[in-house]
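Everything on this sheet refers to the single structure shown next.
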Amino acid sequence: MARIEVNHIRHSYLPNPQKDQDFALKEVHYTFEDGGAYALLGPSGCGKTTLLNIISGLLHPSHGKLLFNGRDVTNLSTQERNIAQVFQFPVIYDTMTVYDNLAFPLRNRRVPEADVDRKVRETLDMIDLASMANRKARRLTADQKQKISLGRGLVRSDVNAILFDEPLTVIDPHMKWVLRSQLKQLHRRFGYTMVYVTHDQTEALTFADQVVVMYDGGIVQIGTPAELFERPSHTFVGYFIGSPGMNVLPVSLEGRTAKLGAQRIELPGVPKAGAGAVELGIRPEYVRLGREGMAVQVSKVEDVGRHKVVRANLEGKEIAAVIGEDDEVPADPKVSFDPAGINIYADSWRVEMGA
Amino acid sequence: MDKTWNNKAWFLVLPVLVLVAFSAVIPLMTVVNYSVQDTFGNNVFFWAGTEWFEELLHSDRFWEAMVRNLIFSFIILAIQVPLGIFIALNMPKKGWGVPVCLVLMALPLLVPWNVVGTIWQVFGRNDIGLLGYYVNALGIDYNYVQDPIDAWVTVIIMDVWHWTSLVVLLCYAGLVSIPDAFYQAAKIDGASRWAVFRYIQLPKMQRVLLIAVLLRFMDSFMIYTEPFVVTGGGPGNSTTFLSIDLVKTALGQFDLGPAAAMSLIYFLIILLLSWVFYTVMTNYDAER
Amino acid sequence: MLELRNVTKTVGAQEHIRDVSLTLQHGSLNVLLGPTLSGKTSLMRLMAGLDAPTSGSVWFDGKDVTGQKVQKRNVAMVYQQFINYPAMTVYENIASPLRVAGVDQARIDKEVRNAAALLKLTPYLDRTPLSLSGGQQQRTALARAIVKNASLVLLDEPLANLDYKLREELRAELPKIFAASGTIFVYATTEPHEALLLGGNTATLSEGRVTQFGPTVEVFRKPVDLMTARTFADPPLNTIVLSKKGSDFLLEGGVKLPVPPELTGSPDASYTIGFQPHHLSLERPNASAVPVRAKVTITEITGSESFVHLDFADARWVMLAHGILDFETDDEVEVYIDPRHIMVFDQNGRAVTASKLAA
């Protein structure tokens, strides 16, 4: 296992990149610690897969260096980097049995057959496929195939990192839960360095200790799931994480007070905002719906089972609130904001609040 | 299910049935008819029973042609399939080279059979032919008109030139359908070039390869025009394949009975082999 | 009104659809919910007339249309893959079904612009589909289905290839678009969450059978059998097999879980109890809740909530709790089961309800 340093890496798919827009990946400078579970989260085209492929060596970056445990591997091939990668669609060798699929990377590296057998059997136990060792791999279900793809990475004792490129895309919802928790258990138990690329916030947040949110070729925020939820540093993070995403309302500031139309909202502190567009961000989970506060017109109530999402209009702006499964919308609905959930943004970036 | 619907369906396939009847069933029945009778012209026929079949199956000439045919098909497959795969593997997968290669590959397929024969007949002549003249100038004694080996080599090279493209195009279609992730995973697994071929490319090409082998086998087994144009079946009988022998018997000697019997046996052999291929293919599909 | 009467479809030796009867009303949104290979696509093909049923019949507005070809049925379909004419502009793509129908230019223009506005495609009308994002490509396909003014629109996992956030946006818009027309909409998905957000009616599918059909929320809250409850649960439904004695279910270690009062009249036997992950909690939700001790296998944190995976006896459960809980693997925790929110299924997997007991 290795610590992976991404050292001022930029990448463009064009031969002669000039402008900033020519880069699929704008400068990334970050260190993935040994044994960490990371997620790269963002919409399609944000550069997350590009970054992953640079780490695995399938792509050579236009600029910058990549270091594993301090050693420069920028010019090493994928094989030499000792990386395991699981792809969006399960990659299995059709004609081989499950056992042979797992043995393949070892046999390619001329590992003695006795060691191959021992490692393969260990891995089969880890991924819960021991009973299928002698089945033809192509007869398996999508989630079993995906486990084989993973197993081919786990079987090598010397891998530096395991990379995942949207591995649960073709898996049914119920199996997703099972596979996800198994991945997490493997990480806990064996301490692999894992990097997981996805556009699905639930997958990213539940899998990773640190989530790297990417947008338009750059990193917008890196943090724990709780940080991303409570203190999104950019309105994009607020929007992208959480469903529904954060409510972002244009306000004007007056000391500890934010003004939204005719409403005045008490803030937990004085925002250190300069000139420019100021917005107030509040997650639907922190919007209280009741008989106290600012009057709203409710347009729709979505019952999603474990809670309800109330869509309403506050001073001409769309706002969402989350209420409990058994809660009802009062006749004359009003909302108030939990101060703990209020963030202030200037030009889309979060500003600190002083006392 | 309601009946009108079914009847309507029969009307729709009727044109095809009529077409097949005129183009295949009726001629075939005529041949069957000829094969059990004898004639001395003037449309007078005598019942001959299985006489022609017996005669044919005891005829050395028939068996020699058959053996020649099998050897020819075997050589053709042994050259064209590996060569086709090799070329397909080395063709570019993207960029401007793709259309260029595809057009180059398709060109020989567009040339009519008899033209191919004529091209090579002239090409291989040792007086004015580009190939024949220079090969002889190099000190190699090459003369497809007199030397059976040279005649075979010429016919085989000609067929390879004409038909390898088909194998290439089919294999190429199979290859480009393999997602990139497979090659990337193979890199990560440390697979050698050979392992990539053996475990990824070959399995994915298996289906198209079966079709390629079937088509190439049937075509080469039925080969007629090109050797007829180039060598006329000679020198001696060295390139007289079943089809050439058949035409010689039927039209050259006007022995309709034996020729018809031969056609039937020929037909049955091809039918049998196609059926074997078809079964193998469908079994393979069912297994998937 | 589209009616399927006892429709069965077998292909070779395999039964893709088993004895399905469904009635779909004009202007309704109907979700087909089930995992991959549960028969969603097969059922849609039967509705569209792309396939004919092996037995049973399909009726449209009181007419038997079994075996009638798809071309005659005025059906529109949207697939998981973004299918558009790559060489045509977005405008021409949307206009294509109208051109085929020979509609005059003025009306085409009006309808195309309406549909484009509805699906937020107005700025892209002159672009070709491949220069658009996946979400916009799928909007184009949806717009085409809508202008066709078909009496039946089938959507086969239309959002599956889109990013999570785009899905969320389109999903919120779709019911509005559907509500604006009198068409029958059928929407296939593997995600319970999506069914709930879309609302309308839901038919849950399992191995080619429709296990239940009704208003979405009702199917979710009152599944008629265990299969339906499992299909309609994400995270997976928590279950445990318990034996009933009098007014209690007996849990391990002498703990008793009270039988819901309306079900105490059911015979003493072995039952499967099911409950949703958010009905398992760390704090006692009410006086009747019953504490059990379970072992943590793994905790997943989403930022505001935690999914705690638990082992209880042979059962594997998930608890959804507010806040961030950082349990270690193998921690023992006390969790509460709320008897007000349990579903009870008999040995055949059928839900035990008060009305059934009365009958």
Side-chain angles (χ1 to χ4, degrees), chain A residues 41-46 141-142 169-178 180-185 187-189 198-209 211 223-230 239-245 283 285-286 300 302-307 309 311 322 324-325, chain C residues 34-38 133-135 160-168 171-172 175-176 189-199 216-217 220-221 230-237 276-279 297-307 309 316 318 320 322-324 328-329 340-341:
Chain A
L41 174 67
S44 47
C46 74
T141 59
T169 306
V170 292
I171 310 294
D172 273 349
H174 283 192
M175 265 342 275
K176 275 187 189 166
W177 284 90
V178 178
R180 238 169 51 197
S181 63
Q182 283 185 351
L183 269 187
K184 189 128 187 170
Q185 274 173 312
H187 178 257
R188 281 281 158 87
R189 200 145 24 118
T198 180
H199 63 85
D200 185 321
Q201 46 155 329
T202 314
E203 277 174 39
L205 296 169
T206 52
F207 171 79
D209 305 327
V211 179
T224 63
E227 284 164 8
L228 296 177
F229 185 79
E230 288 160 11
Y239 150 82
F240 200 77
I241 288 175
S243 72
R283 292 203 174 273
E285 288 83 353
Y286 292 111
K300 195 178 168 200
E302 295 164 1
D303 188 341
V304 295
R306 62 175 199 255
H307 57 237
V309 178
R311 308 270 177 186
V322 168
E325 161 181 45
Chain C
T36 313
L37 297 180
S38 60
S133 72
N161 281 4
L162 293 176
D163 270 11
Y164 190 82
K165 270 285 153 177
L166 279 172
R167 263 184 230 177
E168 220 172 79
R171 205 187 271 145
K176 291 180 210 160
T189 180
T190 59
E191 294 180 31
H193 186 63
E194 190 155 82
L196 282 167
L197 280 172
L198 289 168
T216 301
V217 177
F220 175 72
R221 297 210 192 278
R230 281 191 202 280
T231 307
F232 214 146
D234 185 37
L237 188 76
Q276 300 286 353
H278 63 282
H279 291 139
T297 55
I298 202 84
T299 313
E300 297 179 301
I301 297 161
T302 70
S304 59
E305 297 169 319
S306 305
F307 295 111
H309 295 246
R316 312 202 71 181
V318 180
L320 170 60
H322 284 285
I324 290 159
E328 289 298 315
T329 300
R340 291 180 312 171
H341 287 294

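Below, chain A is the first sequence line, B the second, and so on; all start at residue 1.
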For C:L196 and A:V304 the tightest heavy-atom approach is CD1-O, 3.2 Å
In this structure, CD1 of C:I301 is separated from CZ of A:F229 (nearest 0.5 Å) by 13.0 Å
Smallest heavy-atom separation, C:I298 atom then A:Q185 atom, equals CD1-CG, 3.7 Å
For C:E191 and A:P173, the nearest pair of non-hydrogen atoms, with its separation, is CG-CG, 3.9 Å
Residue from A:Q201, A:R189, A:K176 scoring the most non-hydrogen pairs under 4.5 Å with chain C is A:Q201
Cut-off 4.5 Å, heavy atoms of chain A, and the answer for C:T299 is backbone
Honestly, the part of C:T231 sitting under 4.5 Å from a heavy atom of chain A is backbone
Taken to the nearest 0.5 Å, the spacing of C:T302 OG1 from A:L228 CG works out to 11.0 Å
Note: vs chain C, highest number of non-hydrogen pairs under 4.5 angstrom among A:T206, A:D200, A:I241 is A:T206
Note: vs chain A, highest number of non-hydrogen pairs under 4.5 angstrom among C:F232, C:F307, C:F220 is C:F307
Turns out that what part of C:L320 lies under 4.5 Å from chain A's heavy atoms comes down to side chain
When the 4.5 angstrom heavy-atom criterion is applied to A:S243 and chain C, the contacting part is both
Can any side-chain N or O of C:H278 pair as donor or acceptor with the backbone N or O of A:H307 at less than 3.5 Å? no
When the 4.5 angstrom heavy-atom criterion is applied to A:F207 and chain C, the contacting part is neither
Between C:D163 (side chain) and A:H199 (backbone), is there a donor-acceptor pair under 3.5 Å? no
Subject >> A:E325 versus C:H279, side-chain donor and acceptor atoms under 3.5 Å >> reply: yes
Looking only at C:A172, C:P35, C:S304, most heavy-atom pairs under 4.5 Å shared with chain A are made by C:S304
* **Atom CZ of A:R188 with >12 non-hydrogen neighbours under 6.0 angstrom** => yes
**OP:** Report yes or no: do A:D172 and C:T190 form a side-chain donor-acceptor pair below 3.5 Å?
**Re:** no
Should A:T202 and C:Y164 be marked as a side chain to side chain contact (heavy atoms under 4.5 Å, CB included) after you check the CA-CA gap, both sets of side-chain angles, and the distance that decides it?
CA-CA 10 Å; A:T202 314; C:Y164 190 82; 3.9 Å; yes
### Query
Hey, are C:E300 and A:K184 close enough for a salt bridge, meaning a charged N less than 4.0 Å from a carboxylate O?
no
Residue from C:R221, C:Q276, C:H193 scoring the most non-hydrogen pairs under 4.5 Å with chain A is C:R221
The interface call for A:E302 against chain C, heavy-atom contacts under 4.5 Å, is side chain
Sorted by chain and residue number, the salt bridge (Lys or Arg N to Asp or Glu O under 4.0 Å) partners of C:E305 (sequence neighbours excluded) come out as A:R306
Among A:A226, A:G245, A:A142, A:G45, the residue with the most heavy-atom pairs under 4.5 Å to chain C is A:A226
If one checks every heavy atom of A:R283 against chain C at 4.5 Å, the contacting part turns out to be neither
Just say parallel, tilted or perpendicular for the rings of A:W177 and C:H309, cut-offs at 30° and 60°. tilted
